[in-house]
Every structure is written in C-alpha cells, then in structure tokens.
Amino acid sequence: MCGIVGYIGGRDAQPILLQSLRRLEYRGYDSCGIAVLASTIKVHKDVGRVEQLEKALPKNKGKLGIGHTRWATHGKPSKSNAHPHIDCSGKIAVVHNGVIDNFQQLRDKLTQEGHRFRSDTDSEVMPHLIESYYQGDLEQAVRRALVDVHGSYSLIVLAANHKELLVARNESPLVVGVGDGENFVASDVPALLDYTDRVIYLEDGDVGVITDDEIRLFNQAGEVRRETNVIPWTMEDAQKGGYDHFMLKEIHEQPRVIRDTLGGYLSAIEPEVDLGLESTEFEDILLLACGTSYHAGLVGRYLLEKVARIPVRVEIASEFNHSNAVLGETWVIGITQSGETADLLGAIKKAKQMGCKTLAITNCVGSSATRIADQTFYIRAQPEIGVAATKSFIAQLIALYLLALSQAKMDIRSREGLIRELRLLPDKVQLILDGEDGISKYGKYLSTYDNAFFVARGINFPVALEGALKLKEISYIHAEAYPAGELKHGPFALLTPDTPVIAIAAGDDTYEAMLTNIKEIKARESPVIALADEADEDIDKFVDYVIRVPSVAPIFSPVINSVVLQLLAYYAAKERGCSIDMPRNLAKSVTVK
Ligand code: M6R
C-alpha cells in the first residue's frame with residue numbers, strides 16, 4: 001500500500017530514488033513521484049509507473065530527495081493526488097504511506113487558516129500541518145504536527161534549507177538503510193538492497209532525524225537506540241532470473257522453499273520437529289489471516305484437528321477486529337507473508353489485549369507482526385515480489401504441517417510416516433513443474449471463458465478457494481469456489497456450458513462424494529477439468545479433461561494441487577495479456593485497514 005523512499009548523501013538523489021521506487025512498485029503502482037532538493041524543491045509526479053515518470057524527467061541535481069509509489073486510498077489515481085505533496089510555500093514536501101483518519105477535520109481547520117489544497121488525499125494535510133507549526137526548526141514542526149494526527153503513517157519530510165530528512169512511523173512500516181556518508185529510507189528492505197544490507201527498523205511512535213552521517217531516533221521517552229540488522233539476502237534473490245514474470249519464478253522456487261522451510265525446523269536425520277518456540281498452555285487455537293494466508297489457515301485447521309486433535313477456529317482478521325469473539329486459554333496464531341497487513345496486526349493486538357498468547361507465522365524478518373506477537377515462526381520463502389502469493393502460501397502450509405506435527409497426538413509410527421512423506425514433497429512438486437507444458441494448455445483453455453467454478457471437498461476446499469483467488473486476481477476471470485456438496489444449494493443456477501468447473505478429485509475419503517458431485521455438474525453440461533491422482537483409473541469416464549498429479553498421502557494433497565492451480569491461473573492470465581506481477585487495483589502488502 002504505497003511505497004516511500006528517501007535519500008541523503010553525496011550522490012545525486014534522483015537515480016537512487018527512481019531505482020528504489022522500482023523496487024517498491026509491488027506495493028502500489030497507480031501513480032508515482034519524486035521531490036529533489038536542488039536550490040529549491042523540484043517535484044515531479046504523474047499517474048502510471050516509475051518507468052514512465054523517468055522518461056519525462058529532467059536531470060535534477062540534488063543530494064537529498066524523497067519518492068513515492070501510490071496505491072490509491074483517498075482520491076483516484078491522478079497527477080494531483082500523486083505524492084510528494086507540498087505546502088503552500090513550496091518549501092516542505094512529504095511522502096506518506098498509511099491513512100490519516102482525522103484528515104478532514106485537519107483539512108477544514110487548515111483551509112480556514114488560509115491553506116490551499118490541491119489534491120483529494122488525506123496525505124496532503126501533512127505538509128500544510130507541518131508548515132503551520134514551522135518556525136525555522138523542522139524537527140519541532142514535525143513533532144508538533146504529529147500530535148494532531150490520528151491514524152497510520154510512515155512518512156518522510158524534505159524541506160528547503162534543511163540538510164536532513166525527517167521520518168516518522170506509526171502502524172506503517174519504515175526502514176532506514178545505513179550507508180557510509182549517506183543514508184536511505186524506505187517502506188521495505190528491497191528498496192535499499194542495491195545500496196546497503198544494513199537496516200534499522202523503526203518502531204511505532206518513532207520520529208527520526210536523518211543526515212548523511214547520522215541517524216537519530218526518538219520516541220516519547222526521548223532518544224532511543226535501535227539495533228542495526230544485516231539482511232541475509234541479496235537483490236539477486238529478488239530478481240526474475242530469466243523467467244517472464246516474478247510469479248512464474250516464484251512458482252518454480254517452491255521445491256527449494258519447501259526444503260528450506262523444512263530444513264530450518266526438521267532434523268535431517270531424526271524424525272524430530274523443533275520449532276524453537278517456548279511452550280504455551282492452551283485449550284484451543286485461533287488462526288487469523290487475510291487473503292491467501294487465510295486459505296493457508298483453513299488448511300491448517302484440518303491439519304491441526306487431524307494430527308494434533310486440537311479444536312481450531314479460523315477467522316479473517318478484518319472480521320475478527322469487529323467481532324465479539326470470546327477467547328479463553330486460546331493460542332492465537334496470525335499468518336502473514338508480509339508481516340505488515342494492517343488488519344492482521346490489529347487482530348493480533350486485540351488478541352493480546354484479551355490476554356491470549358500470540359504467534360506470528362511470517363516470511364519477513366523484522367516485520368511489524370514479529371514485534372507485536374509474543375513469538376515468531378519464520379517461513380523461509382525469501383522475498384516474494386509477485387503480488388499474487390504463491391511460494392509464501394506453500395511455505396505457510398509447510399509451517400502448518402510442522403506445527404501440527406510438533407503437537408501431534410498419534411502413534412509414533414504414523415507420525416514418522418507423515419514426516420517421511422513431508423520430506424518427499426519437494427520432489428513431488430518438481431514433478432508438477434516438469435509437467436508445466438501440459439498444465440499450460442488448460443490455462444489457455446480457461447482464458448477463453450468469463451466465469452469459472454472451483455470445487456473440492458475436505459482439506460482441498462481451501463485449495464479451491466485459493467485457486468479461484470489466483471485466477472480472478474491475475475486473469476480477471478470471475479471465479480467462485482465452493483465445497484462440492486454446496487453447489488446444489490444455490491450456485492447450480494449459474495452452471496452452463498460456458499462455465500468451466502475445476503474439480504479437485506483427491507484420492508481421500510471424499511472421493512466417492514466428489515464423483516457424485518461431478519456427475520451432477522456434468523448433467524448441467526459444464527465442462528469439467530479434474531485434478532486427479534496419477535493412479536486414478538476411473539476419473540476419465542466422468543470429466544472432460546484430467547490433470548494428473550503425483551500420488552501423495554491425502555493430507556499433503558493441498559500442496560500438490562495448489563501448485564497446479566497456480567500454473568493454471570498463470571497461463572490463463574498470460575494468454576489474456578494481463579499484468580501478472582502487478583494486477584490492477586492490488587498491492588503486495590495491504591497496510592491500510
Ligand atoms: O502479507 P499477508 O500474507 O498478510 O497478505 C494477506 C493478503 O493480502 C495476501 O495473502 C493476498 O491475498 C495475496 N497477495 C493474494 O495473492
């Protein structure tokens with residue numbers, strides 16, 4: 001949800017800002033802009049991507065600057081709504097990520113005082129508010145302005161006549177990149193990695209004064225020291241590596257991601273799982289997440305209930321935040337790739353206030369979720385750039401298998417059998433990737449339709465939900481997912497020969513019931529593509545097309561089937577010429593509620 005960047009040092013700021021913004025485009029990409037301090041502040045902004053902005057830019061000289069790539073919340077994507085925003089004097093420029101809840105009230109007050117606004121955004125109140133308190137001391141003006149602001153923000157302030165950047169964070173991520181004789185600021189680490197691997201994560205309530213050789217951070221208690229972290233991955237880890245899209249690269253990384261996530265917690269020799277978590281007393285588990293991570297949570301419920309015999313609920317974080325949930329000795333587990341999803345962070349905070357122990361399952365070291373939750377369990381997917389979550393979903397599933405196995409209530413032989421099967425998953429996923437061409441033709445076939453259904457039963461129902469989400473978000477084909485038994489309770493009305501149905505016919509105890517449902521669907525003449533076990537000899541009689549998947553123990557079928565559905569969505573979207581890594585209206589990390 002918007003990416004912000006800042007630079008101060010001895011080099012020209014403009015190319016650094018543009019490069020950093022390109023790295024952050026996954027956070028939002030409907031418009032962008034930069035401000036560079038030369039003799040005066042030069043602001044350039046427009047709708048569209050960084051590449052377009054760059055083409056239209058004069059070569060500004062200046063060693064200080066800020067930049068922004070936008071995902072619209074207040075006001076449509078337009079040049080005037082793009083950041084940076086400036087005050088009336090043109091001497092204070094601000095980039096902001098987050099939402100200023102009381103912006104209307106502030107805007108009315110500032111307008112009465114004579115400030116003239118040029119945009120529809122909430123963010124524009126910031127430069128005007130700072131201007132209203134400015135009497136020569138930028139730090140004081142920023143601090144005073146923040147007292148009036150309610151909401152979430154990470155912001156960077158640039159002012160004429162000041163050789164410093166002011167930064168502040170509340171409920172939106174902000175990182176300072178530490179250089180030699182230069183410093184960097186950004187919403188997220190990938191923006192910094194071309195320049196430094198040393199970063200400082202700001203905490204909520206922090207205000208910082210950044211010069212080329214000093215980083216001073218303050219909170220309400222006064223000056224604070226924050227640890228400098230060395231990032232263990234490079235920009236190369238986040239490059240396309242010869243693939244057409246990040247999404248395809250990330251799909252292909254999944255065997256490695258499974259191995260890495262298992263390797264971190266599963267002994268190479270013994271069938272022992274060690275998550276490194278302090279033991280927690282609990283009666284039940286509540287899994288909280290959004291989007292794809294929520295689908296991982298739904299699979300997690302099946303796993304934990306089956307393997308660990310623990311009662312589990314799963315809730316969408318944004319709904320939990322408005323619920324009257326009753327929690328007892330509940331272990332609350334938030335699942336989030338980014339660790340920055342505002343709804344999820346709010347939900348973990350609420351659970352903590354209710355006295356629950358909390359755990360974050362996340363991909364991002366140092367993210368907000370890791371600092372809010374009592375404990376953290378890192379998946380090891382490495383940076384995921386494609387907006388559509390793929391490898392992080394598979395890694396979340398692996399984390400949930402490990403969690404379930406760490407709490408297993410079953411005989412030792414069954415548990416060891418599951419661990420043996422788990423170790424085979426990378427090779428099984430590789431088999432699917434090796435058969436990519438066969439799957440791509442069904443993706444191309446789907447691309448010709450406007451609507452599609454996904455059906456499954458049991459542990460694969462969340463996989464159907466995820467398959468439909470992948471298809472709709474990147475190909476814009478309308479897709480619905482249902483438990484197969486539920487279709488006849490309403491959705492059947494939409495089945496026609498123009499509505500292909502993707503049916504997951506897993507070789508588990510739901511198989512017979514699935515076949516019955518598939519026959520019902522075929523009676524409505526909808527084309528059916530089944531995902532079926534390679535050993536299934538019956539399925540061809542009942543469906544139009546079959547995608548064979550490697551045999552695995554039923555409990556692991558979500559991993560296998562999800563990879564097939566990711567490829568289906570990818571090839572449908574590719575055939576339609578869609579913007580696969582940056583689908584319209586979406587952003588990688590949703591840091592607004
Ligand atoms: O970073 P998170 O896992 O908390 O993100 C939650 C959702 O926004 C995310 O899973 C989203 O649904 C996917 N990017 C869709 O592919």
Side-chain angles (χ1 to χ4, degrees), residues 1-3 25-29 71 171-173 187-190 245-248 250-251 254 287-300 314-321 333-349 359-370 372-373 376-379 381-397 399-400 462-463 465-476 479 481 562-563 565-570 573 578-593:
M1 302 284 93
C2 302
E25 273 195 309
Y26 66 88
R27 297 181 66 87
Y29 33 82
W71 185 86
E171 295 186 358
S172 289
S187 301
D188 200 357
V189 171
H245 297 94
F246 280 111
M247 181 180 177
L248 190 60
E250 287 160 1
I251 290 173
Q254 292 178 125
L287 297 171
L288 296 168
C290 308
T292 291
S293 300
Y294 170 69
H295 298 153
L298 292 174
V299 176
V314 195
E315 280 207 51
I316 292 176
S318 56
E319 286 300 306
F320 174 75
N321 288 336
I333 302 178
I335 309 173
T336 168
Q337 186 283 130
S338 62
E340 300 294 349
T341 301
D343 289 322
L344 195 262
L345 299 181
I348 299 177
K349 283 182 195 161
L359 170 72
I361 299 181
T362 187
N363 193 28
C364 292
V365 177
S367 57
S368 301
T370 66
I372 295 172
T376 300
F377 177 0
Y378 285 111
I379 60 171
Q382 295 194 354
E384 187 176 65
I385 305 296
V387 164
T390 51
K391 63 175 180 171
S392 63
F393 176 68
I394 295 299
Q396 287 167 344
L397 295 187
L400 290 161
V463 175
L465 286 171
E466 176 59 10
L469 177 62
K470 285 290 89 84
L471 187 68
K472 73 181 97 170
E473 72 179 322
I474 62 166
S475 75
Y476 314 143
S562 297
V563 178
L565 298 187
Q566 291 167 355
L567 287 168
L568 268 187
Y570 174 80
C578 296
S579 168
I580 291 180
D581 286 331
M582 296 182 190
R584 71 181 175 216
N585 303 337
L586 299 180
K588 183 70 183 161
S589 170
V590 184
T591 56
V592 290
K593 285 186 185 160

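Atoms within each ligand, like the ligands themselves, are counted from 1 in listed order. We use all heavy atoms of the structure for the numbers below, so side chains are in, but hydrogens, waters and symmetry mates are not.
- Side chains of Glu340 and Ser589: a donor-acceptor N/O pair is absent below 3.5 angstrom, by distance only.
- Of all the heavy atoms of Val387, the ones lying under 4.0 Å from any atom of ligand 1 belong exclusively to the backbone.
- Annotation: side chain of Val299 is not in contact with side chain of Leu400 (no heavy-atom distance under 4.5 Å).
- Proximity of Lys470 to ligand 1 is established by a heavy-atom distance of less than 4.0 Å.
- At under 3.5 Å, not a single nitrogen or oxygen of Ala388, backbone or side chain, sits near a nitrogen or oxygen of ligand 1.
- Of all protein heavy atoms, the one closest to atom 7 (C) of ligand 1 is Cys290 O, 3.7 Å.
- Looking only at heavy atoms of the protein, atom 5 (O) of ligand 1 is closest to Thr341 OG1, 3.4 Å.
- Below 3.5 Å of separation, one finds an N or O of Gln337 facing an N or O of ligand 1.
- In terms of polar-atom proximity, Thr292 is counted as a contact of ligand 1, with an N or O under 3.5 Å from an N or O of the ligand.
- Note that OG1 of Thr390 and CG of Leu565 are 13.0 Å apart. Values are rounded to the nearest 0.5 Å.
- No side-chain heavy atom of Glu250 sits less than 4.5 Å from a side-chain heavy atom of Gln566.
- Although no hydrogens or angles enter the test, the distance criterion places a donor-acceptor pair under 3.5 Å between the side chain of Tyr476 and the main chain of Arg584.
- Each of Leu344, Thr370, Ile379 was evaluated against Thr362; a single residue qualifies, Thr370, per the side chain to side chain contact (heavy atoms under 4.5 Å, CB included) test.
- For Glu473, every heavy-atom contact with ligand 1 shorter than 4.0 Å involves the side chain, none the backbone.
- Two residues are said to be in side-chain contact when any heavy atoms from C-beta on lie closer than 4.5 Å; Ser293 and Gln396 meet this criterion.
- Nearest protein heavy-atom neighbour of atom 8 (O) of ligand 1: Val590 CG2, 3.9 Å.
- Among all non-hydrogen protein atoms, the one lying nearest atom 1 (O) of ligand 1 is Ser338 OG, 2.6 Å.
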